[in-house]
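Comments concern the structure below.
Below, read A as the first sequence line, B as the second, and so on, with proteins coming before strands; counting in each chain starts at 1.
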Protein chains: 2
Amino acid sequence: MDPLDKLTGSRIEKPQTAADHVATTLREAIVKGSVAAGTALRQDDLASRFSISRMPIRDALRILEAEGLVSIHPTRGAFVAKMDTTEIREIFTIRVLLEVEALRLAFPKLSRDVLDQADHALNRIDEERDVSRWGILNLAFHMALYRECRNARLLTLIEAQHNAADRYVRVLLSDAEFHTRSDTEHRAILNACNQNNEALALQLLAKHLNDGCQKLIKSLK
Amino acid sequence: MDPLDKLTGSRIEKPQTAADHVATTLREAIVKGSVAAGTALRQDDLASRFSISRMPIRDALRILEAEGLVSIHPTRGAFVAKMDTTEIREIFTIRVLLEVEALRLAFPKLSRDVLDQADHALNRIDEERDVSRWGILNLAFHMALYRECRNARLLTLIEAQHNAADRYVRVLLSDAEFHTRSDTEHRAILNACNQNNEALALQLLAKHLNDGCQKLIKSLK
DNA sequence: ACTTGTATCCTTGTATACGAGTATCCCTCG
DNA sequence: CGAGGGATACTCGTATACAAGGATACAAGT
């Protein structure tokens, strides 16, 4: 086998298109909470703000719609997806399902390397003062544990659901108690992995997600 | 609260846009197998075939990309997603997960009405001579059992994964033995539901999906 | 003969322009 | 004074047009 295959295989370079740029920027803004749920996203308004035409904007909105962050009504426009407890419950039901399975599949393959990556992500959360970056680091921690499940499709779904949930979670981050408890739970999960205790790790992960869901719902009413 | 909200809420009428039309047509063609996996989907080629411009085509391709039926490489174009055993395994792992959970959630709420709908779908499969319609009817049977899970997001994911799998399943339909066995398994699941035997129904469903996956993989090599 | 450079073509990404549908506001009528 | 109807403005969906990037074929040099 050609030794260069590793390079081409691992790094599938996708030329960053304008639509992608808009999508990531908008995604961050929505997840971050800087645009309220229900806000109308006018195409030519966005176009002028980004100093581009409406076409890439349309593409970006379609991308975000697929991720569940915005909903598009033909002839009426795009809106930041609503924030209701029903959807939160739906998302977290799915997340528990997907993520527990991902960890279960990945567990036998967990190496020192990925566990270190997960640990590194947790440490960076502690050091990070910019609240808006916690979401990404949180995702990095979880994904590090799941990556070895060797199911690209599953990982894609998990990431999408995580993003959909993250903008809700955001409102809790100012709550210091929530943050420290989340950190404690993260480290407990990682410990279970280090001790090769699969059943415990899965149970802790499910509890971690369910608790977050309950906390979130409580904070919204 | 306005009593009319119920109407507007339940029936969200989406004016069928050209992009949607193209998406459904293309989806059927891909699932049906009339366009081979890996085929390049040229935008202006499709545009001339549908006698419209490239813009709705682009939108349609994005929709299908989100469903996992095509993959888009910037500056290179869109291609019908590849058909390999790896992806089949990935899809069915996810399907088992999602569908078993959906049935579990729906089980306590299963009514005579929905069970009749499921039964009706099975009878229509037997009567249907047009092989290309079996996929839709098969989906109808499964979705009837899951609908009452009351998780719209979960149902959307299930439908997407089903579509992604269906075009592989298609190659097996000519196999009469596969078809009769699938029918037997379907009726067994429905029976378990009718007898209110949840554990059995879930087990049969998981087996039904896993067996289909194995059969599929075997037929491809 | 194989590699490398180049020119052409092809395809996509983006911009601008136009038509259609919807919502809003105001005017008129009861 | 309130309700209904019509005109206007706004927004989206679609078409056409242009620009940029990559792929391919061919030619030249080693």
Side-chain angles (χ1 to χ4, degrees), chain A residues 2-5 7-9 11-27 30 35-36 38-66 69-82, chain B residues 2-5 7-9 11-27 30 35-36 38-66 69-82:
Chain A
D2 196 312
L4 289 179
D5 282 353
L7 288 175
T8 60
R11 189 180 291 220
I12 307 161
E13 20 194 321
K14 290 206 175 189
Q16 181 85 328
T17 174
D20 289 329
H21 174 68
V22 173
T24 52
T25 307
L26 270 182
R27 181 176 18 244
I30 294 175
V35 284
T39 307
L41 299 172
R42 298 290 153 223
Q43 294 181 357
D44 51 1
D45 176 42
L46 292 172
S48 60
R49 284 178 194 275
F50 283 95
S51 304
I52 57 176
S53 81
R54 274 170 43 216
M55 292 300 119
I57 303 289
R58 289 174 61 79
D59 287 348
L61 290 176
R62 281 234 177 269
I63 293 173
L64 296 177
E65 185 196 26
L69 288 178
V70 313
S71 58
I72 298 178
H73 300 264
T75 76
R76 292 190 51 195
F79 303 84
V80 178
K82 281 286 174 55
Chain B
D2 196 312
L4 289 181
D5 282 352
L7 288 176
T8 59
R11 189 182 289 224
I12 308 158
E13 22 194 318
K14 290 206 174 188
Q16 180 84 329
T17 173
D20 289 330
H21 174 67
V22 173
T24 53
T25 307
L26 269 182
R27 178 172 24 241
I30 295 174
V35 285
T39 306
L41 299 172
R42 299 290 154 224
Q43 293 181 0
D44 50 1
D45 177 41
L46 293 172
S48 59
R49 284 177 195 275
F50 283 96
S51 303
I52 57 176
S53 82
R54 274 171 44 218
M55 291 301 120
I57 303 289
R58 289 172 63 80
D59 288 348
L61 290 176
R62 281 231 178 271
I63 294 174
L64 295 178
E65 185 196 26
L69 288 179
V70 312
S71 58
I72 298 178
H73 299 264
T75 76
R76 292 189 49 193
F79 302 85
V80 178
K82 280 288 173 54

With respect to the phosphate group of [N], does any side-chain polar atom (N or O) of [X] fall under 4.0 Å of OP1 or OP2?
| X | N | result |
| --- | --- | --- |
| B:T17 | D:dT14 | yes |
| A:Q43 | D:dG13 | yes |
| B:S53 | D:dA15 | yes |
| B:R58 | C:dG13 | yes |

**Study point:** 5′-ward residue of the pair A:R76/A:S51 relative to DNA chain C
**Key:** A:S51
If you measure from [atom1] on [X] to [atom2] on [Y], what distance do you get to the nearest 0.5 Å?
| X | Y | atom1 | atom2 | value |
| --- | --- | --- | --- | --- |
| A:L61 | A:S71 | CG | OG | 10.5 Å |
| B:D44 | B:R49 | CG | CZ | 11.0 Å |
| A:Q43 | A:M55 | CD | CE | 7.0 Å |

Whole-Å gap separating [atom2] ([N]) and [atom1] ([X]):
| X | N | atom1 | atom2 | answer |
| --- | --- | --- | --- | --- |
| A:I52 | C:dG13 | CD1 | C1' | 11 Å |
| B:D44 | C:dG13 | CG | P | 12 Å |
| B:M55 | C:dA20 | CE | P | 19 Å |
| B:R62 | C:dT12 | CZ | P | 12 Å |
| A:I57 | C:dT16 | CD1 | P | 13 Å |
| B:R54 | C:dT14 | CZ | C1' | 10 Å |
| B:H73 | D:dG21 | NE2 | P | 20 Å |
| A:I63 | C:dG13 | CD1 | C1' | 13 Å |

Check your understanding: Taking C-beta and beyond as the side chain, do B:V22 and B:I52 meet within less than 4.5 Å on heavy atoms?
Key -> yes
Point to revise | Closest listed nucleotide, where the reference is the side chain of B:P56 and the choices are C:dG13, C:dT14, D:dA15 | key: D:dA15
Practice item. Give A:L61 one of three labels, base, sugar-phosphate or nothing, depending on what nucleic acid heavy atoms sit under 4.0 Å from its own. Key: nothing
Review point. Looking across every strand, which nucleic acid part, if any, lies under 4.0 Å from A:R42 by heavy atom: base, sugar-phosphate, or nothing?
Key: sugar-phosphate
Study note, to complete from the structure: A:I72 and A:A78 have their tightest heavy-atom pair at CG1-CB, 4.0 Å
